[in-house]
Amino acid sequence: MNTFSHTSFYDKTHTVFGHHNSKILQWIFSIDHKRISLLYLFVMMGFFLVAVCLALSMRLELFSPGQDIMSPERYNQVFTLHGVIMIFLFIVPGIPAALGNFLLPLQIGARDVSFPRLNLLSWWVYVAGALLAISSLFVGDGFADTGWTFYAPYSIKTGTNVVWALGAAFILGLASILTGINFVVTIHRLRAPGMTFFKMPLFVWGLYSTAWIQILATPIVGISLVMVIFERVFGVGFFDPTKGGDPVLFEHMFWIYSHPAVYLMILPAFGIASEIIPTFCRKPIFGYHSIAVSSAMIAGIGYLVWGHHMFTSGISETIKLIFSVLTFFVAIPTGVKFFDWIATMYKASIEFKAPMIWAVGTFVTFIIGGLTGLILGTVGVDVYFHDTYFVVAHFHYTMLGGVAFLMFAGFHYWFPKITGRMYSEKHAKYAFFTVFVGFNLLWFPMFLAGAFGMPRRYFDYLPEFEIYHKFSGIGALIFATGIIYMLITLYRGWRYGELAGPNPWNATTLEWQIPSPPQLENFGTIPYVDFQPYEYINGEPVHKMDLGVKEGNKDA
Amino acid sequence: MHNQPEIIYDKQGNAHVIVDYNDDYIGAKLGFWLFLFTEMMIFGSMFLIYAFYMFQFSDTFVQYSATLNVKMGGTNTFILLVSALTMGLSLVRLRQGNVEGAKKFIWATIVLALIFLSIKYFEWSAEIHHGIYPGSPTLKSMGDGAVMFFGLYFVITGLHGIHIILGIGAMIWVLGLVRKGKITPTKFVVLENTALYWDLVHLVWVFVFPLFYLIH
Amino acid sequence: MELHQNEALHPIKASTYVTVFALLISLTVLTLVQPLVLKLALASTLSIQLGIAFMKAFLIVAYYMHIKSNTPLFRVLIYGSLAILGVIYIIMAIDTYYRYTPNDLFQLLQKEG
Amino acid sequence: MLEGMKGVSSFASEIDLAIWVVMGISIGIFIVVVGVMFYFLYTYRAKKDSREKIKNIEHNVYLEIAWTVIPTFLLAIMFYYGYTSLKVMREVPKETMDINVTGQMWFWTHEYANGKKTKDLYVPIGTNVKLNITANKNDVLHSYYVPAFRFKQDAVPGKMNTAWFNAKELGHFDIQCAEYCGTRHAYMRAKIHVIDKETFDTWYKSDKKTPFDQESVATTKHPGLELLESNGCLGCHSVDGSILVGPSYKDMFGHKVKVSVNGTLKEVIADEAYLKRAILEPDSEVVDGFSAGMMSSYKDVLTEKQIDDIIDYFKNGQNTPKEDIGAKATSILESNGCLGCHSVDGSILVGPSYKDMFGHKVKVSVNGTLKEVIADEAYLKRAILEPDSEVVDGFSAGMMSSYKGILSDSDIDIVIEYFKGL
């Protein structure tokens, strides 16, 4: 890797136990936030591919009615595993722990996060949780078959390894909390002098709001999952109707976390969009303040809307209406963000590079996801759509077509910063279009199937629905092909791409003012930040600085 | 790493200190407070479950609250109160430069915590001896309200007990750090955070005690 | 240098601890005495007990945990977090209260209309 | 499309209106937002001189107020329709026919006020029906979902939830389970049959199992089998030897079974004591090859007498041919759609009637030539498996498809046995 003219973090690092000679130990014990972020990235993408394979096997099973390649029990375990991996191992840690870890210190002008050792610990905790989840596959009756929601009392009754899966989810929650604490403290303490909250890049705002959700909401689901473990091990009975417990209480406790978790996933993704749009529009972002504040508002109101997952569960009518109103209130700041991004495009000079195309494509899919969310927030309508494929399509349009797509947009955007090289622009665009076509073919038919009454989590279905499953099955294959295509393109860029230089996109935020890939401790000189994050004049950044560590000035 | 604080100047020539992430007192405290928030949410949601079932089975809750041993619970309340004081005074002593005094107060806190645990142990054994523990047939026969009351009692006091044990562990670790000279009258944030943790443990008990022992 | 910074942040004195301790002890005695002296309905007992508990909690957080002498940041964060917990409690309370009157809102509307 | 996508309940039109309004608003917002975005993307794409034309606009207070207020207004409309559609669904009329619905692992039971219990729900047209939906305490969450009626209500163990409807059209409408409940969640289906008032009343007062039964079958079934049916046992255990989630009841009684007790395998004989244990403490001895935790105890569900009836069915019920076969055969004929074309009362539908068929002479055409055969077992078997080889005179070939692979041999035997008695 010594092709770069400087000593990057790939060449030099510090670990928790001092210095090792072994390359592997230098990675897995490194306390450099950039290395930890890459550790997260690889484990996470590995699990993403596993979950995609699981999804493909489900689509194959559902391609025709009746039992084809697996038994109903196996199918239920597969969709549970798919959900657990995608939620707890991929999308929750996704942007914050991988991209956020890499970029947060770079964007605020810090040399690392506040607690580098805690950062490494959180990765280890994450790996431990992942291993626990995976090992439960091979013990006893196999992985839990409860769905990722672990609804009691089924999760208390089933003979599968629910305790292990719950334990894994709890441990992964712990990792998420540690990351959250680290980020909040970093943002409060380590911003470069002069950088007030309203001079921070918007990705940092997204991470900040997310970190608060990680800190305040994760413990609630953590303790609820522990309660279910207690139910199974000690027979406590909080959620067990035979002992006077109330299963609906579990639904409450579960969604108090799991709904904010949705915003936990999407807020940093919005942050990525807010970075990409001004860079490729070559102008300052429209409504910086409203985008920043709306992140905090979404996080705040997002805590109080969990009940819209429970409109048919028999909760009180009054509270249904309150939840519905609050749900609509979350839509307003979200809408404002989109309007701001689109307004940024007005009188701009838009360059259609791969990250921008990903971002624009995501806007289309996420707006569909968001608007169907409004349909689902309408109480009486939700009673009809609840737990059908309409919901499945909705949350895949938001989570995959929103969060994951923006995450991929972020990969393309910061790829030159992380690797120091460029990928093939042409192949990256082709990969995007493959993914985009496959995605819509996969999920759009599900809106129709759901609207016509196809419930979710069905191993088999009435013959009326076959056509939708056929389309989805084909779409799934195209989608998976596109993902592989994208990963190959990125891999080839990493191995053989041209050197990118410090600022290939001519962007403004601090991470582009240092060499790519960054050096250990990121900055040689930390600037006094008395300017806004996105300042352009005639499409050129106003501030051009060279903040890298000067070789030889600092030794180990 | 950096012993001298790093300073940069803005255009007007004013000096600004760059916070060193390796040695950031406020950061360490802020981080610990955030951790305390997660603890607060954990106990907060346990009390939420308590409130939920209390509303449903209020008569039973009152009835079985009377069967808990107020003497033992009350004694424990006083023990925790005193231990919070000794923990605070150890911090005061340390910051006054009196390392030995600080150590004595930490020991005192550990001893008080152990007394708390042993009283708790006797209390629990008495109840378990009567056949009252989660999942027991006796408890089941006492009705749904009793299952909930004692379920909550064992889970919340158990969770609190685990926190006490972790606190004792933390204090022993702190004593080790003091001996190694890693905690000094000028570098005391670990001790301060441990004291904060101990105050939280006390704080939780402030609510646990009346809610279980005194509602009759 | 940092030591001065910290001292400025929150000077602590043993006398504060002892005073707060005395207050806490007296409040605790009050909680113990209340059920013996006053036999009240559950709601009143609860409000008295929780009222005292909140007073004790305030004393602990304010003085033992130095929030009084900390920067405003800590205070804002604590109040914010407590507010969110509080709203969650309120929402749950509404649901719990109405759970046992099926179709609560519409039943009430029907009665009026 | 699912049976009866047209709204059938009295409030379906309100729900549909709400769906169309919110969909319409959403589609409108989508077209405007995405349209404007693509217009900008096209107009302001990077060109040679576009850099000079960039305008750094960072605020516009009026615009920002507009795009906060207008969506709020649209959302208020959506909320209003959400409210009205919920209202019609939740405001239960005063005069209702009450039906208790119990969900259990993979089976719905409907219980009428007079104690009638059915698998499918039969309701008279134009009547307010109130459903009290629950699940057994030792069961799990289910959700009673009737797409055509536009409502859905979770069945929560130990809690009573209500729903109501007033069916405006005759027909048969699907009930599905919409809350994940385990292995056979997808098969937890039933139907609501909306029938006219007279048929309903006659049936309601009779002892017939369903309004479509030709004769009262209540007496022909073994009481144990009925209990197995109405308690949902048949959702997991078959009576014909096929393996669902649990072992089949066929040939169980008196035979040896391998069970695992706390992890160790041992062999027991399925006698009365064992079967009783299996019903009351299903997890204490789990039959080898099946998993624990799937079945919940029926301790508080079945009475002593009922358990005895069930065990008596295992012991003797399967050998009481006459009455039992009638019911069994009817259900086979019904569920395979035979009765759609063949009657049992002599009337001619698409195919010949089953009445007075067995042992009688029939004229059939074989490859165009007519010949006379006697409808014996061999002939009937051929007629079921290769229907077009001999077509009864007066009916056309190609109407019926072969039931090879659909009906098991034992099914065919039962059916033929049944034909003998008609």
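We name chains A, B, ... by the order of the sequence lines, and we start the count at 1 in each one.
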Distance-only polar pair, side chains of [X] and [Y], donor-acceptor under 3.5 Å:
X: A:D387; Y: D:Y180; answer: no
X: A:Y536; Y: D:N56; answer: no
X: A:S313; Y: D:D154; answer: no

For [X], is it the side chain, the backbone, both, or neither that has a heavy atom closer than 4.5 Å to a heavy atom of chain A?
X: D:I27; result: neither
X: D:M105; result: side chain
X: D:R184; result: neither
X: D:N60; result: both
X: D:E64; result: side chain
X: D:C177; result: both
X: D:P71; result: side chain
X: D:K159; result: side chain
X: D:E14; result: neither
X: D:Y187; result: side chain
X: D:M78; result: both

How many angstroms lie between atom [atom1] of [X] and atom [atom2] of [Y], to the nearest 0.5 angstrom?
X: A:I375; Y: D:I25; atom1: CD1; atom2: CD1; answer: 9.5 Å
X: D:M37; Y: A:I342; atom1: CE; atom2: CD1; answer: 6.0 Å
X: A:L321; Y: D:L86; atom1: CG; atom2: CG; answer: 6.0 Å
X: D:I19; Y: A:F390; atom1: CD1; atom2: CZ; answer: 8.5 Å
X: A:R282; Y: D:S50; atom1: CZ; atom2: OG; answer: 10.5 Å
X: D:K152; Y: A:T388; atom1: NZ; atom2: OG1; answer: 5.5 Å

Largest heavy-atom contact set with chain D, pairs under 4.5 Å, which of [options]:
options: A:D340, A:I467, A:T344, A:D382; value: A:D340
options: A:G147, A:P284, A:P72; value: A:P284
options: A:D240, A:V325, A:T158, A:T160; value: A:V325

Please report the C-alpha distance between D:Y83 and A:V379 in whole Å, then the side-chain angles of each, then the deciding distance to 0.1 Å, and finally whether the side chain to side chain contact (heavy atoms under 4.5 Å, CB included) criterion is met.
CA-CA 6 Å; D:Y83 168 73; A:V379 199; over 6 Å; no
Distance-minimising heavy-atom pair for [X] and [Y]:
X: A:E351; Y: D:A46; result: CG-CB, 4.0 Å
X: D:G82; Y: A:T378; result: CA-CG2, 3.1 Å
X: D:A178; Y: A:P455; result: CA-CB, 4.3 Å
X: D:S26; Y: A:L371; result: O-CD1, 3.2 Å
X: A:V381; Y: D:V22; result: CG2-CG2, 4.2 Å
X: D:F30; Y: A:V364; result: CE1-O, 3.8 Å

Heavy-atom contact with chain D under 4.5 Å, split by part of [X]:
X: A:E251; answer: side chain
X: A:A449; answer: neither
X: A:M356; answer: side chain
X: A:Y75; answer: neither
X: A:K320; answer: side chain
X: A:F79; answer: side chain
X: A:I285; answer: backbone
X: A:S290; answer: side chain
X: A:F328; answer: both

May I have the step-by-step check of ring-ring contact (aromatic ring centres under 6.0 Å, His included) for D:W106 and A:F459, ending in yes or no?
CA-CA 13 Å; D:W106 313 307; A:F459 163 75; over 10 Å; no
Please answer whether the main-chain N or O of A:T312 pairs with a side-chain N or O of D:Q153 as donor and acceptor at a distance below 3.5 Å.
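It does hold such a pair.
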Quick check against the 3.5 Å criterion: does A:K157 have a side-chain atom that pairs as donor or acceptor with the backbone of D:N138?
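At least one qualifying donor-acceptor pair exists.
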A side-chain contact here means heavy atoms from C-beta on lying under 4.5 Å apart; do D:V33 and A:F339 qualify?
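In short, these two side chains touch, coming nearer than 4.5 Å.
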Would you indicate whether the side-chain heavy atoms of D:I57 and A:Y346 approach each other to under 4.5 Å?
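The answer is yes, as the side chains (C-beta and beyond) meet within the 4.5 Å cut-off.
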For chain A, which candidate among [options] shows the most heavy-atom pairs at distances under 4.5 Å?
options: D:F11, D:F79, D:Y39, D:F38; value: D:F79
options: D:I15, D:I133, D:I29; value: D:I29
options: D:L75, D:V21, D:V36, D:T72; value: D:L75
options: D:V156, D:L141, D:L63; value: D:L141
options: D:R51, D:K55, D:R189, D:M89; value: D:R51
options: D:K47, D:R45, D:H185; value: D:H185

Side chain to side chain contact (heavy atoms under 4.5 Å, CB included) with D:Y44: which of A:K347, A:K283, A:M345?
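The passing option is A:K347.
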Lys/Arg N to Asp/Glu carboxylate O, A:R456 vs D:E179, below 4.0 Å:
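The answer is no: the pair does not qualify as a salt bridge.
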Can we say D:K87 and A:E317 salt-bridge, meaning some charged N sits less than 4.0 Å from an Asp/Glu carboxylate O?
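A salt bridge is absent here (no side-chain N lies under 4.0 Å from a carboxylate O).
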Starting from the C-alpha separation in whole Å, work towards a yes-or-no answer on side chain to side chain contact (heavy atoms under 4.5 Å, CB included) for D:E52 and A:N538.
CA-CA 6 Å; D:E52 287 89 75; A:N538 292 332; 5.6 Å; no
Would you sort out whether D:H59 and A:Y288 count as a side chain to side chain contact (heavy atoms under 4.5 Å, CB included), showing the intermediate values?
CA-CA 9 Å; D:H59 298 288; A:Y288 169 88; over 6 Å; no
Take atom CZ of A:F352 as the centre, draw a 6.0 Å sphere, and report whether it contains more than 12 heavy atoms from other residues, nucleotides or ligands.
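More than 12 heavy atoms, drawn from other residues, nucleotides or ligands, come within 6.0 Å of this atom.
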